[in-house]
Amino acid sequence: MNRRNSILSIAAVVAVAGILFASTYSQSQMTATKYGVSTVHDDLIQKINDMGGLELQMPSAFAQVPLDQIDSMVQQGRHVVNVQLTAQSVDLPIMGGGKYHAMTFNGQVPSPTIRATQGDIIKMTLTVPSTELTPHGNDMHASQISAGNFGAVKPGESKTYAYIAEVPGTFKYHCSGVNVAAMDQHVLSGMYGLTIIDPLNGYSPLLVTKTKVDGGKVVLDRQIVSADAKEFVLEYNQLYLTADGAYDQQAMFEHKTTQTVVNGFAFGYVPNADINKLVKGDPNKNIFVAQPWNDASLKQYQSHPLFVDTGVHYRIFVENQGNMPLFFHIVGEIIDRVSQGNRVQAQGTETWNIGGSQGAIMDVIFDNPGVYVAVNHDYAAIFSGAATVFVAGDPFKLGYGPGDMPNPSDAVPPLGKNSIPQKEVVHCLCTDDQAATIAKQIGG
Ligand SMILES: [Cu+2]
C-alpha cells in the first residue's frame, strides 16, 4: 500500500471510529436495558457499510487460506483444526445471585479453547441461529488477515474462514460485533475464548535455579525440568452490568467494574461448602474471602479450588480478555518462567503485567504443600472476583488430588496429553446443555 492510500485509509477508519463512538455512547443510555440488542441504529450500520468500513484497508490478506485449497494443502502435509462456533445469547448466573444477559459462543463463557500446533490450518465456521436478535462476527488474534475480512454474520446465516497459525503463543478470539459496532458489548458479555498455538518444536525445558550447600558453601543448584507439564487456562475479564443484568456501556467507559471474572466466574475457584465443612467443620465458614458459589444445587456453577501436586511442572495459559490491566501474581509463589509461545519474557518474577487482549504462559512448580492464590494484584480486581485458589499437595487432608474435584473443564485445556484427567462432574459458566455435552466428552 502506498503512502497516499494508507493516509486515506487511516482517515476513513478514524471517521468510522468517530461515528461508532459518538453513536454507541448516546445509544447505550437508551438501549442498555434491552436484551441482546445492538446499541447502534440500523441506518448507522448502513452508513458504515456504505463507506466500506474497515475493508478499505486490505481487501485481501496474505495469510488467509482459500477454502477450496485446503484439501490440496492437507495432501501436502498440513493439518486442519476444525472449529465450530455458534452464537448463543443466554442468561447466566452471577456471583451474589441473579443472572446477567450473556452473549456466548456455544453456550459457555469463556468459549471453547482452541488448540493447534504452529503451522496448522485453523478453519473456523461461525453460525448465527435465526433466533439471535443481532448479527455476530469473529476476530481471531492468532490469524493475520484483514480486519474487515470476517464481517458480521446475520441471524440465520453462517460463514467460514481459514488461516495458517504461523505464530505460536496464546491468542484471544472474540466476537467482532456488528462490523465492529457493539463489539464491546458482545465481548464483555461473554463472546471470547482462547486459541493456544503450540510451538512446532514443542515447549522448552524449564530451568529452575535454586541454592544448596556444598562443602560448607552456598552454591547455585540448577535444575532442568522437562517441558512436559500439566496445564490450566485462566482467562480474565470484567463484567459491566446494570442492576437488572444488562450490559452497562457507561460503566465500561468509566471503567467501573461490576465484577471481575476468571473463566467467566467471580470467585469461581474458592472453597465451596463441602470443603469449608471438611476444613472448618462448618459449611458456612470460609477459609477465603468469599464463598459465593456455595450450594451444591448450583450444579456446574459451584465453586471449588484447583488441586495440584507439589513438585510438578504446571503450565498456566493466561489471557487478559478485558479492558483493565492484569497484574498476574500467585500469592506465596514466584513465577518460574513467563513466555509467549517459546519466547521467554521473564524468569523468577513475582508479578507479570498483562495488558488488555494480551496473553502469556506461566510456568510454575508448587514446591511446598499449601494454599496459593492466583490474583490480579490490583486490589479492586482481587476483591471483585479475581482470586483463584490453588491447593497444593493436600495440606488439609481433604483427600482430593488433581482432577478429583468437580471437573475444572474451563480451567484445564480439555484435550491433549497434558490435560489433567477429569472426573465426570463439570464446572463451567455454561448452559445445562453445554454442561451435559462437556460431561459426555470427559466420560460422565
Ligand atoms: Cu457477537
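Note that ligands are numbered from 1 as they come in the structure, with each ligand's atoms numbered from 1 the same way.
- For the residue pair N138 and H174, no side-chain donor N or O sits within less than 3.5 Å of a side-chain acceptor on the partner.
- Looking at R115 and D198, a side-chain N of the basic residue comes within less than 4.0 Å of a carboxylate O on the acidic one, giving a salt bridge.
- Between D91 and K99, no side-chain nitrogen of the basic residue sits less than 4.0 Å from a carboxylate oxygen of the acidic one, so the salt-bridge criterion is not met.
- The distance cut-off of 2.8 Å around the Cu ion (ligand 1) captures these protein N, O or S atoms, sorted by chain and number: H136 ND1, C175 SG, H186 ND1, M191 SD.
- In this structure, E319 does not pair ionically with K172, as no charged nitrogen and carboxylate oxygen lie closer than 4.0 Å.
- Residues Y240 and H255 place their aromatic rings such that the two centres sit no closer than 6.0 Å.
- In this structure, F328 has its ring center no closer than 6.0 Å to that of H377.
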